[in-house]
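Values reported hereafter were calculated over all heavy atoms of this structure, with side chains retained and with hydrogens, waters and symmetry mates removed.
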Amino acid sequence: MSLVSAAMQRIKPSATIAISNKARVLKAEGRDIIALSAGEPDFETPDNVKEAAIKAIRDGQTRYTAVDGIPELKAAIVAKFKRENGLTYKPSQITVGTGGKQVLFNALLATVDPGDEVIIPAPYWVSYPDIVNFAGGTPVAVETTLEDNFKLRPAALEAAITPKTKWLIFNSPSNPSGAAYSHDELKALTDVLVKYPHVWILTDDMYEHLVYDDFQFVTPAQVEPSLYDRTLTMNGVSKAYCMTGWRIGYAGGPEELIKAMGTLQSQSTSNPSSIAQWAAVEALNGPQDFIAENNKSFKERRDLVVSMLNQASGLTCPKPEGAFYVYPSCAGVIGKKTASGKVITDDEVFATELLDAEGVAVVHGSAFGLGPAFRISYATATKDLEEACLRIQRFCGSLR
């Protein structure tokens with residue numbers, strides 16, 4: 001009899017975390033490593049948010065809180081949804097978890113039964129299918145294309161829907177591609193979803209504020225209000241507010257779902273950190289001007305990386321509308337050999353050989369469900385990005 005449960009055998013460790021850990025080990029061994037694998041802003045948490053956390057400690061806000069969020073944070077989230085997304089929620093429709101990942105985990109485990117299908121556009125964030133698998137459901141990957149800038153098209157969505165479909169997981173701007181959907185693009189998808197009332201929408205808006213070139217963000221329930229009663233709108237403070245380590249994610253949705261998620265959380269982690277919750281209150285209610293300043297840097301980095309990668313032999317890199325990732329195709333180098341005679345048979349071999357030869361850590365596209373490609377996070381210093389891209393150019397140029 002196996003010690004490890006069947007549910008555990010349906011999942012695997014996060015590929016992005018694995019690559020990041022390998023890069024750290026090599027760096028500790030003295031290798032000159034540039035890690036472009038982690039999805040984490042390199043900017044500091046804003047000072048006003050730090051001070052709010054310090055004040056919470058000094059004020060004695062260090063005890064257990066309500067399982068799914070303090071009233072003050074729920075009120076700030078309600079105000080945020082109304083102010084920025086035109087969505088009206090009551091506090092009883094809000095849940096707060098230990099990061100967006102826990103919110104997604106709670107939602108899927110609370111609703112997915114064996115045999116239920118969950119549609120996930122590919123490329124996708126590595127955790128989506130594993131969480132579905134853990135819940136006993138069936139992830140249904142719907143591949144997008146480079147020619148469509150990795151965006152799900154209405155016909156492909158409709159073709160994937162069956163009587164067993166429980167959820168569509170929708171992520172815009174996307175991790176890993178950075179693709180973001182305009183109002184019209186999203187309306188074409190919601191027009192399909194309106195026809196299938198048994199399909200729920202789990203929208204991951206974590207990169208909402210990280211958009212460029214005057215792009216206007218919209219979320220599904222905002223575009224199509226008739227979907228409000230079967231949409232869970234998830235967000236968090238990790239990316240835009242540079243608070244990855246604080247671990248605060250949140251969502252708004254139907255009360256029945258929110259209550260079920262709260263019950264699950266009460267039997268797992270219970271409440272998120274009280275200190276982090278008070279910091280998140282300040283993040284959502286306080287000054288927002290730093291986001292635009294950070295985005296200027298992100299946009300400059302995006303433009304640099306896209307330009308330099310498109311100059312690398314065998315690579316094609318589209319320009320994304322948001323997040324802080326690019327997702328270049330490496331189809332042009334598949335089948336070539338390294339100087340040592342190693343054949344680049346797929347994107348995982350490409351990423352491994354790049355790390356070994358040039359000390360640049362990227363995540364292979366097959367981990368995100370669509371290759372041959374790889375993901376680069378440009379949330380790092382410009383000088384490191386420039387050096388990394390020069391190394392990638394050199395590596396690609398050395399293949400024969």
Partner residues of D346 under the salt bridge (Lys or Arg N to Asp or Glu O under 4.0 Å) criterion, sequence neighbours left out: none

Donor-acceptor under 3.5 Å (T144 side chain, L152 main chain): no

S377/E40 under side-chain hydrogen bond (donor to acceptor under 3.5 Å, both in side chains): CA gap, chis, key distance, verdict: CA-CA 8 Å; S377 168; E40 182 170 44; over 6 Å; no

Flag, side chain of R31 to backbone of A28, donor-acceptor distance under 3.5 Å: no

L315 CG to F350 CZ distance, which is reported to the nearest 0.5 Å: 5.0 Å

Side-chain H-bond candidate by donor/acceptor type, T263 with Q267, under 3.5 Å: no

Hydrophobic cluster identity match, Y325 and Y181, side-chain contacts under 4.5 Å: no

Charged N-O contact under 4.0 Å between K74 and D68: yes

For R230, all residues meeting salt bridge (Lys or Arg N to Asp or Glu O under 4.0 Å), sequence neighbours excluded: none

Heavy-atom neighbours of K50 NZ exceed 12 at 6.0 Å: yes

Shortest non-hydrogen separation from V349 to K342 and the atoms involved: CG1-CE, 4.0 Å

For K151, salt bridge (Lys or Arg N to Asp or Glu O under 4.0 Å) partners two or more places apart: E185, E321

K80 and N85: side chain donor to acceptor below 3.5 Å: yes

Parallel, tilted or perpendicular, as decided by the 30° and 60° cut-offs, for the rings of Y207 and F324: perpendicular

Residue list, ring-ring contact (aromatic ring centres under 6.0 Å, His included) with W246, at least two apart or on another chain: none

F374/Y327 under ring pair (Phe, Tyr, Trp, His ring centres under 6.0 Å): CA gap, chis, key distance, verdict: CA-CA 6 Å; F374 59 98; Y327 199 69; 8.2 Å; no

Donor + acceptor pair across side chains of T88, K82 (<3.5 Å): yes

Atom CZ of R63: over 12 foreign heavy atoms under 6.0 Å: no

SB check R391 D384 (cutoff 4.0 Å): no

Taking every non-hydrogen atom, the tightest pair across I120 and P139: CD1-CB, 3.9 Å

Salt bridge (Lys or Arg N to Asp or Glu O under 4.0 Å) involving E117 - partner list, sequence neighbours excluded: none

Over all atoms of both residues, closest heavy-atom pair of V78 and P91: CG2-N, 4.0 Å

Test item: side-chain donor near acceptor, Q102 and T269, under 3.5 Å: yes

Run the side-chain donor-acceptor check on residues 105-114: report pairs under 3.5 Å with partners two or more places apart or on a different chain.
unit_1: N106; atom_1: ND2; unit_2: Q265; atom_2: OE1; d: 2.9
unit_1: T111; atom_1: OG1; unit_2: A107; atom_2: O; d: 2.7
unit_1: T111; atom_1: OG1; unit_2: W167; atom_2: NE1; d: 2.8

Donor-acceptor under 3.5 Å (S366 side chain, G369 main chain): no

Under the ring-ring contact (aromatic ring centres under 6.0 Å, His included) test, residues paired with Y124 that sit two or more places apart: none

Remaining members of hydrophobic cluster (4.5 Å side-chain criterion), V25: none

Sidechain N-carboxylate O distance under 4.0 Å for D213, K299: yes

Main-chain N/O of I275 paired with S273 side-chain donor or acceptor, under 3.5 Å: yes

Straight-line distance of K101 NZ to S127 OG, nearest 0.5 Å: 3.5 Å

Separation of Y128 OH from F368 CZ (nearest 0.5 Å): 11.5 Å

Main-chain N/O of F395 paired with S398 side-chain donor or acceptor, under 3.5 Å: yes

Q9 CD: over 12 foreign heavy atoms closer than 6.0 Å: yes

Selection residues 280-291 - residue pairs positive for side chain to side chain donor-acceptor pair (under 3.5 Å), sequence neighbours left out: N48-E282, Y241-Q288

Separation between SG of C389 and CG of N310, rounded to the nearest 0.5 Å: 10.5 Å

More than 12 heavy atoms from other groups under 6.0 Å of NZ on K195: yes

Using residues 251-258 as the side-chain source, report each donor-acceptor pair under 3.5 Å to any protein atom, sequence neighbours left out, with the distance given to one decimal.
unit_1: E255; atom_1: OE2; unit_2: K90; atom_2: NZ; d: 2.8
unit_1: E255; atom_1: OE2; unit_2: S92; atom_2: OG; d: 3.1

Side chain K239, main chain G39, donor-acceptor under 3.5 Å: yes

Pairs meeting criterion salt bridge (charged side-chain N to carboxylate O under 4.0 Å, His left out) with involvement of residues 5-30, two or more places apart: K12-D130

Nearest-0.5 Å distance, CG of residue N271 to OG of residue S266: 11.5 Å

Donor-acceptor side-chain pairing of H209 and E84 below 3.5 angstrom: yes

Pair listing, side chain to side chain donor-acceptor pair (under 3.5 Å) test, anchored in residues 349-364, at least two apart: E358-R394

Pair T338-S340, side-chain donor/acceptor within less than 3.5 Å: yes

Distance, nearest 0.5 Å, that separates OG1 of T165 from NE2 of H198: 5.0 Å

Distance-only donor-acceptor check, side chains T219 and D205, under 3.5 Å: yes

Backbone of L193 reached by a side-chain donor or acceptor of T190 within 3.5 Å: no

